[in-house]
Asks: 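Below is a structure I'd like to ask you about.
Lettering of chains follows the sequences in order, A, B, ..., and the numbering in each one begins at 1. When reading the values below, keep in mind they use all heavy atoms of this one structure, side chains included, and skip hydrogens, waters and symmetry mates.
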2 protein chains.
Amino acid sequence: MKNKQLTNKKEILTKNQEIVLKLLEKSNEPLKAYSILFNLSEQGVKAPLQVYRALDRLIEIGKVHKIESKNAFVACINSNCTANSNAAFTICEDCDAVSEIHDNKEILKNLNYLANREKSKLNKYNLELYITCKNCLK
Amino acid sequence: MKNKQLTNKKEILTKNQEIVLKLLEKSNEPLKAYSILFNLSEQGVKAPLQVYRALDRLIEIGKVHKIESKNAFVACINSNCTANSNAAFTICEDCDAVSEIHDNKEILKNLNYLANREKSKLNKYNLELYITCKNCLK
DNA sequence: TTACATATGTAATATTATAACATTTAATTA
DNA sequence: TAATTAAATGTTATAATATTACATATGTAA
Ligand SMILES: [Zn+2]
Ligand SMILES: [Zn+2]
Ligand SMILES: [Zn+2]
Ligand SMILES: [Zn+2]
């Protein structure tokens, strides 16, 4: 048996998706698409499209998020995102450190309220908090 | 007296800033930088830099916001943004309508809480709510 | 097998944004 | 006022980000 049977088809990744995700997971900062491309050139990734296509899919299934204000990509560390595509990040304006916010039930509740107030339906959200982080405040 | 005296120096706009802001204010949707450029070509705006420089400044003083996930720009409709650079938007996934959220005190309170929880200081935030709007829900 | 959908490869090109440097205009100050 | 400095503008080129279009390959279902 080549590929073990998975209950969730979404979790079967193709080769390109796999190596892009691996790279993002071992990176400690968001990576840009062309940086991913250069990093993976020895693994057969030779064109922007290979990267963008893999990223598109990974984002679609919630394994990767795009930090819109940075045009950069991070692996998701919050198992819950897979379900709803929501994401919330803090971005330190001093040291550029980016981290995903885990416990965001309260946020979601508020945002749902905001959307409902205008009689519209919230599908997903993107939240970027620009902060000065603990270390940089010292 | 050519220019009336203003208490807040920030509100004196240069020619390019003025015409870019005017265009955004009369537009009913976010505009992309190159769309602004083409729109203003007859008014002497001939190079991307003229647009980007004006936008940078307008964003800095809170008169314009960038919708990061669309690389597009809108005039601020919330007098309060000038002070804090915060912005929150709803974006309809069906009809692309974008609108700025006015009353966001509650959001700010929540986000401050999130930042404080991690012992960091919130400087500003960018929030994009992807919704299905009132009209498109019908 | 055939038919279909999905994934991949490749080249070209579109879109968004900035760097570098020259010139002009406005604001300060000697 | 003239001289000095700072801010804004103009212009060209180029960098960085992302997509289109089309050819080929691979996997799946009938
Ligand atoms: Zn996540
Ligand atoms: Zn920091
Ligand atoms: Zn605003
Ligand atoms: Zn709509």
Asks: For the pair made of CZ in B:R53 and P in D:dG10, what is the distance, rounded to whole Å?
Replies: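 Value for this atom pair: 8 Å.
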
Asks: Is B:R57 paired with B:E60 through a side-chain N to carboxylate O contact shorter than 4.0 Å?
Replies: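 Between B:R57 and B:E60 there is a salt bridge, with a charged N closer than 4.0 Å to a carboxylate O.
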
Asks: Starting at CG of A:L13 and ending at P of C:dT6, how long is that distance when rounded to a whole Å?
Replies: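 About 17 Å, once rounded to whole Å.
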
Asks: What is the distance from CG of B:D56 to P of C:dT18, rounded to the nearest Å?
Replies: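 After rounding, the reported distance stands at 7 Å.
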
Asks: Ignoring the backbone of A:P48, work out which of D:dT11, C:dT18, D:dT19 is nearest its side chain.
Replies: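 For A:P48, the side-chain atoms sit closest to D:dT19.
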
Asks: Of the candidate nucleotides D:dT11, C:dT8, D:dT17, which contains the atom at the shortest distance from the side chain of A:Y52?
Replies: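 Of the options given, the side chain of A:Y52 lies nearest D:dT17.
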
Asks: With no hydrogens and no angle check, do the side chains of B:E128 and B:S69 hold a donor and an acceptor under 3.5 Å apart?
Replies: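 The criterion, which ignores hydrogens and geometry beyond distance, is satisfied for B:S69 and B:E128.
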
Asks: Whether B:K66 contacts C:dA17 is assessed here as follows: a side-chain N or O lying under 4.0 Å from the phosphate OP1 or OP2. Is that the case?
Replies: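 Affirmative; the distance criterion is met.
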
Asks: So, under a plain 3.5 Å distance rule, would you say the side chain of B:Y34 forms a donor-acceptor pair with the base of C:dA17?
Replies: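 Answer is yes: a donor-acceptor pair is held.
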
Asks: Return no unless some side-chain N or O of B:K32 is found under 4.0 Å from OP1 or OP2 of C:dT16.
Replies: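 Affirmative; the distance criterion is met.
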
Asks: What is the distance from CD of B:Q17 to P of C:dA26, rounded to the nearest Å?
Replies: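 Those two atoms, CD and P, are 14 Å apart.
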
Asks: Can you tell me the distance, in whole Å, between the CD atom of A:Q50 and the P atom of C:dA12?
Replies: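 Spelled out: CD on A:Q50 to P on C:dA12 is 16 Å.
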
Asks: Do A:N126 and A:K124 get their side chains close enough for a donor-acceptor pair, meaning under 3.5 Å?
Replies: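 No.
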
Asks: So, OP1 or OP2 of D:dT9: does either fall under 4.0 Å of a side-chain N or O from B:T14?
Replies: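 For D:dT9, OP1 or OP2 has a side-chain N or O of B:T14 closer than 4.0 Å.
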
Asks: Less than 4.5 Å apart, any side-chain heavy atom of B:L24 and any of B:L31?
Replies: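 Yes - at least one pair of side-chain heavy atoms lies under 4.5 Å apart.
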
Asks: Nearest nucleotide by nearest heavy atom, which residue falls closer to the 5' end of DNA chain D, B:V45 or A:A33?
Replies: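 This one resolves to B:V45.
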
Asks: So which atom in B:K119 and which in A:L137 form the shortest heavy-atom distance, rounded to 0.1 Å?
Replies: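 For B:K119 versus A:L137, the nearest heavy atoms are O-CD1, 3.6 Å.
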
Asks: For B:L31 and C:dT15, give me the distance from atom CG to atom C1', rounded to whole Å.
Replies: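 My rounded result for the distance is 16 Å.
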
Asks: Using a cut-off of strictly less than 4.0 Å, decide whether B:N71 has a side-chain nitrogen or oxygen near OP1 or OP2 of C:dA17.
Replies: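 Answer yes for this pair, as a side-chain N or O of B:N71 is under 4.0 Å from OP1 or OP2.
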
Asks: Roughly how many Å is it from CG in A:L37 to P in D:dT17, rounded to a whole number?
Replies: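 In whole Å, D:dT17 P and A:L37 CG are 11 Å from each other.
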
Asks: Expressed as a whole number of angstroms, how long is the span from A:L49:CG to D:dA21:P?
Replies: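 So the CG-P distance, A:L49 to D:dA21, works out to 12 Å.
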
